Amino acid sequence: MSETVTEHYDVIIAGGGITGLTLACALRHTGLRIGIIEQHAPAPVEDDTALRVSAINRASLQVFDDAGALERMQQLRVSPFREMHVWDSTGVGQIHFDSAELGLDTLGYIIENAVIQLALLDVVKQAGAIDWLCPAQIESLDINDEQKRVKLVDGKELTAQMVVGADGSHSLVRKAMGIELPRKSYQQQAIVCTVETEYDHQQTAWQCFLSSGPLAFLPLADGGCSIVWSLDEAEVEAMIALDEQGFSEQLEQSFEYRLGSVKLVSPRAVFPLGHGHVERYVEPGLALIGDAAHTIHPLAGQGANLGIMDAACLAKVIAEALQAHRQWSALHTLRKYERRRKGDNRLMETSMTGFKYLFGSSNPFLTEMRNIGLNLVDHAGPVKQIFIKQALGQS
Ligand SMILES: Cc1cc2nc3c(=O)[nH]c(=O)nc-3n(C[C@H](O)[C@H](O)[C@H](O)COP(=O)(O)OP(=O)(O)OC[C@H]3O[C@@H](n4cnc5c(N)ncnc54)[C@H](O)[C@@H]3O)c2cc1C
């Protein structure tokens, strides 16, 4: 017979990925008792750069700094990028951002997901009132009463005044709330791998819009590049079937030899691509953050950044309510979080989908327009400022 232990928390965070851990760190000074439930222990940071990396914008770096985790990330391994170069392979359209022109030292960092998680986890472990429950898998949730009940696969039961769903795109918390994520597939997948390049990456994040989908070369601290290559499903299959040499050749050709020859130095992983956004983020004592609430195309490297902003915003709303002695888990409090985040998240989802279709089209009129558009933006100061703010996460 399985053991049933009931432990009570003020907040249970379902999911200890990037957004769940960010929320826990951001709440660490509130005095709330927090439990984070995560099924998989974060991967260790190895000598070689891990396959999964994220482009983290300046606004998110500020959140990590406030959370006390940025310095640890810098000690572990980060790769600042100082420029961004985006172009359309079908024409002459291009856009270029340079941190020096903006008076900034960087536009952001490329960071391994494992580094982000480990640094945030270090903060969590030092905070007295946060329990890291891992490995622990949520089996079911009973959220109908004021006191929420979370049942784990090992039979343990936990209760909480509030449960936050930071449990990713297949969120159990979202399902328990009866909220659907209307996820639409792009009928594309992303190949993720690491390469060495003949020429220096110049601390630049490179993105080429091919008619088959966007191809990104993200600069890594060891001099290599992390690749995110979005293609139709059949093309992905063909690319994965190639040997290392054949794949490297396809990659360098598609990237127009901007960094010379390319050598694959890692396995190739494949991720399905889709997008979706829930209608409601909150209910009394319940909230969704990160991929549990919205997923977007990785072409602008924004998914994790949006989740980090959700976490920071929700923590702020709760902390403000606690300080004002208001009901911190009540619907009217949590709605503030929803109101503050939903517009930005929706805008980003819609923009990414628009970009994806605009740049995926071979219609000659659209091809012409997007090339003119890119060059116009590159030369029109105020419009470029809007794009820059978006890229830095300061919109
Ligand atoms: C190819 C690719 C490249 C990307 N590049 C970027 C980028 O450059 N920049 C960027 O900002 N974003 C990027 N993204 C998006 C980013 O990876 C995601 O938006 C982000 O990881 C979402 O974080 P999350 O914590 O919300 O969800 P997740 O990372 O999905 O974390 C959810 C956590 O919950 C846990 N969990 C789930 N169910 C349970 C359960 N029942 N019990 C216990 N634990 C559970 C999971 O184990 C997991 O750790 C990219 C995405 C892809 C696919």
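Whatever order the structure lists ligands and atoms in, that order sets their numbers, starting from 1. Being a predicted model, the structure only gives us computed values, none of them experimental.
The proximity of Val192 to ligand 1, defined as any non-hydrogen pair under 4.0 Å, is limited to the side chain. Contact annotation for Asn305 and ligand 1: heavy atoms of both the backbone and the side chain come within less than 4.0 Å of the ligand. At a 4.0 Å heavy-atom cut-off, ligand 1 touches Ala166 through the backbone alone.
Ligand 1 lies out of reach of Ser171, whose nearest heavy atom is not under 4.0 Å from it. Close to ligand 1: Arg52, with a non-hydrogen atom less than 4.0 angstrom away.
Which parts of ligand 1 touch Gly290 is read off a 4.0 Å heavy-atom cut-off, strictly below it: atoms 26 (O). When each atom of ligand 1 is checked for a heavy atom of Gly303 under 4.0 Å away, the hits are 10 (C), 11 (O), 12 (N), 15 (C), 19 (O). Ligand 1 places these atoms under 4.0 Å from at least one heavy atom of Ile138: 40 (C), 41 (N), 42 (N), 43 (C). For ligand 1, the atoms sitting less than 4.0 Å from at least one non-hydrogen atom of Ala136 are 43 (C), numbered in the order shown with element in parentheses. Of all atoms in ligand 1, listed by their number and element, those nearer than 4.0 Å to a heavy atom of Leu172 are 41 (N). Atom numbering of ligand 1 starts at 1 in the shown order; those under 4.0 Å from a heavy atom of Gly168 are 27 (O), 30 (O), 32 (C). Ligand 1 places these atoms under 4.0 Å from at least one heavy atom of His40: 47 (O). Residue Ile37 has at least one heavy-atom neighbour below 4.0 Å for each of these atoms of ligand 1: 43 (C), 44 (N).
Legend: residues meeting side-chain contact (heavy atoms from CB on, under 4.5 Å) with Ser140, ordered by chain and number and at least two apart, are Lys151.
Inspection of the Asp232 and Gln188 side chains reveals an N or O donor paired with an N or O acceptor under 3.5 Å. Side-chain atoms of Tyr109 and Asn57 include no donor-acceptor pair closer than 3.5 Å. In this model, no donor atom of one side chain and acceptor atom of the other lie less than 3.5 Å apart for Glu252 and Ser261. With hydrogens and angles left out, the side-chain atoms of Thr295 and His275 include no donor and acceptor closer than 3.5 Å. Side-chain atoms of Glu249 and Gln245 include a donor-acceptor pair closer than 3.5 Å. Of the N and O atoms on the side chains of Trp87 and Glu256, at least one donor lies less than 3.5 Å from an acceptor on the other residue. The closest side-chain donor-acceptor pair between His170 and Asp291, if any, does not fall under 3.5 angstrom.
Residue Gln39 places at least one N or O, backbone or side chain, under 3.5 Å from an N or O of ligand 1. In terms of polar-atom proximity, defined here as any N/O pair under 3.5 Å, Gly15 makes no such contact with ligand 1. The shortest N or O to N or O distance between Ser54 and ligand 1 is not below 3.5 Å. For ligand 1, the polar-atom distance check finds no N/O of Leu218 at less than 3.5 Å from any of the ligand's N/O atoms. Considering backbone and side-chain N/O atoms, Asp291 comes within less than 3.5 Å of an N/O atom of ligand 1. Taking any N or O of Gln137, backbone or side chain, none lies under 3.5 Å from an N or O belonging to ligand 1.
Between Trp206 and His85, the angle of the ring planes lies from 30° to 60°, which puts this pair in the tilted group.
A salt bridge is defined here as a Lys NZ or Arg NE, NH1 or NH2 lying under 4.0 Å from an Asp or Glu carboxylate O, and Glu279 with Arg346 meets this definition. Comment: Lys148 does not engage Asp145 in a salt bridge, judged by the lack of any side-chain N to carboxylate O separation of less than 4.0 angstrom.
Between the side chain of Gln117 and the backbone N or O of Gly16 there is at least one donor-acceptor pair closer than 3.5 Å.
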